[in-house]
Amino acid sequence: MQLLREARYTLHVAFHPFDGFWDLKYEERGRLRMALFILLGVTVTMILKRQFSGYVVNFNHPLSLNSINELKYIVFPFLLWCVANWSLTTLMDGEGKFREIVIATGYAMLPLILVYVPNLLLSNVITLREASFYYLLESVAYLWFLWLLFVGTMTVHQYTVMKTITTMLLTLVVMGVMIFLGLLFFSLIQQFVSFVYTVYQELALRR
């Protein structure tokens with residue numbers, strides 16, 4: 001029953017975001033496990049979407065698909081967004097805790113499941129002329145997700161509209177910087193390991 005109430009609350013947030021995120025922030029009605037469950041649901045939904053969408057809208061080659069890549073395209077950006085947003089809002093007087101950011105972001109992703117699952121079924125019965133309805137629904141899901149993410153960010157941090165927009169754009173910039181620094185770090189590690197291995201080979205040959 002508790003899990004059912006938590007699931008119903010996610011729908012309340014999706015359709016009444018201002019009330020829902022306010023309760024999430026001040027009534028502590030949001031649950032971290034439910035946010036992670038939604039993240040898992042989105043990941044599974046995207047895997048099914050790539051593999052089983054109708055041929056009219058599916059341009060992926062079945063043999064080249066790798067389900068593990070969804071972790072890179074969904075889970076990694078999710079975690080990166082949460083870390084970047086928390087790091088940035090800490091410096092911009094944001095009131096949101098890291099846990100609240102994770103929950104708000106997870107709950108904001110619910111439309112991707114609500115729309116993509118029936119859209120997946122629709123894609124297998126539509127014709128080429130009707131494909132525009134499929135893409136329209138995908139756009140609705142994406143815009144709905146962005147709207148919930150915007151309201152969630154604004155409510156959790158108690159920002160104004162303009163400050164929320166600025167923060168979200170800066171979060172994307174911080175994510176880019178973090179990716180760049182991460183790639184640079186791994187590149188340096190790779191070069192260091194290669195250097196150590198080369199020195200070891202030189203010393204081994206001299207013996």
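Just so you know, these numbers use all the heavy atoms, side chains as well, and skip hydrogens, waters and symmetry mates. Source: prediction; values computed, not measured.
Rounding to the nearest 0.5 Å places CG of Asp19 at 7.0 Å from NE2 of His16. Here the SG atom belonging to Cys82 is positioned 7.0 Å from the CD1 atom belonging to Ile101, to the nearest 0.5 angstrom. With values rounded to the nearest 0.5 angstrom, Tyr107 atom OH is found 6.5 Å from Tyr9 atom OH. In this structure, Ile103 CD1 and Glu28 CD are separated by 9.0 Å, a value rounded to the nearest 0.5 Å. One distance of note links CZ of Phe15 with CG of Leu114; it measures 6.0 Å at 0.5 Å rounding. Between the OG1 atom of Thr153 and the CD atom of Gln158 there is a distance of 12.0 Å, given to the nearest 0.5 Å.
Here the side chain of Thr167 pairs a donor or acceptor atom with the backbone of Lys163 at under 3.5 angstrom. Ser194 places no side-chain N or O within donor-acceptor distance of the main-chain N or O of Gln190, the cut-off being under 3.5 Å. In terms of modelled atom types and a separation under 3.5 Å, the side chain of Glu130 and the main chain of Thr127 share a donor-acceptor contact.
Leu79 is connected to Leu110 through a chain of hydrophobic side-chain contacts under 4.5 Å among Ile, Leu, Val, Met, Phe, Trp and Tyr, so both are in one cluster. Cluster membership check: Met154 shares its hydrophobic cluster with Val102, using side-chain heavy-atom separations under 4.5 Å among Ile, Leu, Val, Met, Phe, Trp and Tyr. Taking hydrophobic clusters as Ile, Leu, Val, Met, Phe, Trp and Tyr residues chained together by side-chain heavy-atom distances below 4.5 Å, Phe133 does not share a cluster with Leu143. No continuous path of hydrophobic side-chain contacts links Tyr142 to Leu120 [ILVMFWY only; heavy atoms under 4.5 Å]. No path of Ile, Leu, Val, Met, Phe, Trp and Tyr side chains, each step under 4.5 Å between heavy atoms, connects Leu91 with Leu80, placing them in separate hydrophobic clusters.
The shortest heavy-atom contact between Glu100 and Leu24 is O-CD2, 4.3 Å. Between Val83 and Ser87, the shortest heavy-atom contact is O-OG, 2.8 Å. The minimum heavy-atom distance linking Ala141 with Tyr116 is given by the pair CB-CE2, 3.9 Å. Contact record, Pro17 with Trp147: CG-NE1, 3.7 Å, taken as the closest heavy-atom pair. Taking each heavy atom of Ala108 and Phe145 in turn, the nearest pair found is O-CD1, 3.2 Å. Annotation for Tyr159 and Thr164: closest pair CB-OG1, 3.3 Å, computed over non-hydrogen atoms.
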Exercise. Could you please spell out the steps behind the side-chain contact (heavy atoms from CB on, under 4.5 Å) verdict for Leu188 and Phe185?
Key: CA-CA 5 Å; Leu188 291 174; Phe185 174 76; 5.8 Å; no

Quiz item: What do the steps show when you test Met92 against Leu170 for side-chain contact (heavy atoms from CB on, under 4.5 Å), and what is the final call?
Solution: CA-CA 11 Å; Met92 297 179 64; Leu170 288 177; 4.3 Å; yes

Quiz item: Given the rule in the side-chain contact (heavy atoms from CB on, under 4.5 Å) test, do Leu149 and Trp81 qualify, once you have shown the distances and angles that lead to the verdict?
Solution: CA-CA 11 Å; Leu149 186 62; Trp81 168 273; 3.8 Å; yes

Quiz prompt | Derivation of the side-chain contact (heavy atoms from CB on, under 4.5 Å) call for Ile74 and Met109 | solution = CA-CA 11 Å; Ile74 298 176; Met109 298 175 70; 4.1 Å; yes

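A salt bridge is absent between Glu6 and Arg29; no separation between the charged side-chain nitrogens and carboxylate oxygens falls under 4.0 Å. Remark: Glu138 engages Lys49 in a salt bridge, criterion side-chain N to carboxylate O under 4.0 Å.
Residues His157 and Asp93 bring no donor and acceptor atom of their side chains to less than 3.5 Å of each other.
Leu112 places none of its side-chain heavy atoms less than 4.5 Å from the side chain of Thr45. Side-chain contact between Leu121 and Val125 is absent, with no heavy atoms from C-beta onward closer than 4.5 Å. For the pair Tyr73/Phe78, no side-chain contact is recorded, criterion being any heavy-atom separation below 4.5 Å from C-beta on. Counting heavy atoms from C-beta outward, Tyr134 and Val56 have side chains that stay 4.5 Å or more apart. When side chains are defined from C-beta on, Ser123 does not count as touching Asn119, because their heavy atoms never get closer than 4.5 Å. Leu36 is not listed as a side-chain neighbour of Leu40, based on a closest heavy-atom distance of 4.5 Å or more.
By the neighbour-count criterion of 12 heavy atoms within 6.0 Å, atom OH of Tyr26 is densely surrounded, having more than that number from other residues, nucleotides or ligands. Within 6.0 Å of CZ on Phe37 lie no more than 12 heavy atoms contributed by other residues, nucleotides or ligands.
Of the residues Leu128, Asn124, Leu122, the one that meets the side-chain contact (heavy atoms from CB on, under 4.5 Å) test with Ile126 is Leu122.
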